[in-house]
Amino acid sequence: MTPMEMLLNRASQDSLTAPAPSASELSDILATAMRAPDHGKLRPWRYVIIEGEARPLAAERIVASMLRLDAHAPQAKIDKRRDRFSNMPMIIALGMHLRPDNKIPLWEQEMTVAAGAMNILNALSATGFGGVWVSGDITEDPVLAAEIGFEAPHKLAGFLFVGTPAGQNTPLPRRPDPEQFTARWLGSPVIFTADSKE
Ligand SMILES: Cc1cc2nc3c(=O)[nH]c(=O)nc-3n(C[C@H](O)[C@H](O)[C@H](O)COP(=O)(O)O)c2cc1C
């Protein structure tokens with residue numbers, strides 16, 4: 001596959017099985033995150049690898065967070081999250097090491113973390129692995145973030161589930177036409193086809 005074909009064929013993979021990337025594969029994959037655009041070279045990205053026996057421990061912290069946020073969280077939702085965090089081949093907690101007092105605005109620091117995560121997703125795809133970025137309200141729970149290692153002002157940006165795609169023939173999702181999201185500015189505010197029905 002050419003690099004363009006690889007980019008055009010990437011899709012999030014939710015159904016993942018072993019193996020996860022080896023330590024050296026993971027090191028290469030994470031190196032791509034260090035290529036994300038980063039205003040001020042603040043390096044706000046942080047990666048916490050959760051695998052093996054740490055997964056059920058993480059799952060219990062996730063469940064505790066869910067119950068902290070909603071004491072009446074549905075049991076089915078709790079069971080599903082516990083199962084996914086216990087059994088995914090690898091989980092990468094995405095941390096944001098934020099500097100509120102820096103001249104670089106927080107939103108730019110957060111976007112750098114997102115750009116790094118996108119590189120990781122592309123690198124997973126390029127190396128035959130798969131991943132999906134998940135969040136949910138637990139991502140904004142400061143207690144959970146601190147338990148993982150991100151005490152305020154630092155935060156979580158979510159989690160990447162990582163492994164080998166289980167279904168080899170999963171059809172690629174339909175993607176929007178980029179023309180609908182593109183306009184040429186000629187002096188007046190642009191209108192996008194994507195927004196024309198709003
Ligand atoms: C910051 C962020 C958080 C996300 N959180 C969730 C989530 O909690 N659950 C979920 O099903 N998808 C979530 N998604 C969307 C998936 O990661 C994925 O993009 C989506 O399933 C579409 O797949 P695609 O990446 O192939 O287009 C999130 C995406 C982003 C960028």
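We count ligands from 1, going down the list as the structure has it; atoms in each ligand are counted the same way.
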Throw together a table of side-chain donor-acceptor distances under 3.5 angstrom for residues 14-22, partners on residues two or more places apart or in other chains.
residue : atom : partner : partner atom : Å
Asp14   : OD1  : Arg84   : NH1          : 3.4
Asp14   : OD1  : Arg84   : NH2          : 2.8
Ser22   : OG   : Glu25   : N            : 3.2
Ser22   : OG   : Glu25   : OE1          : 3.2

**Asked** Between Lys155 and Glu140, is the closest basic N to carboxylate O distance under 4.0 Å?
**Response** no

**Heavy-atom side-chain proximity of Met88 to Ile50 below 4.5 angstrom** = no

**Prompt:** Can you tell if the side chain of Leu121 reaches within under 4.5 Å of the side chain of Arg10, non-hydrogen atoms only?
**Reply:** yes

**Message:** If the criterion is any heavy atom closer than 4.0 Å to an atom of ligand 1, which residues make the list?
**Reply:** Arg10, Ala11, Ser12, Val132, Trp133, Val134, Ser135, Gly136, Arg175

**Complete:** Which of Val162, Ile92, Thr127, Asn119 passes side chain to side chain contact (heavy atoms under 4.5 Å, CB included) with Ile29? Answer is Thr127

**Request:** Mind listing the closest non-hydrogen atom pair of Ala73 and Leu67 along with its distance?
**Result:** CB-CD2, 4.5 Å

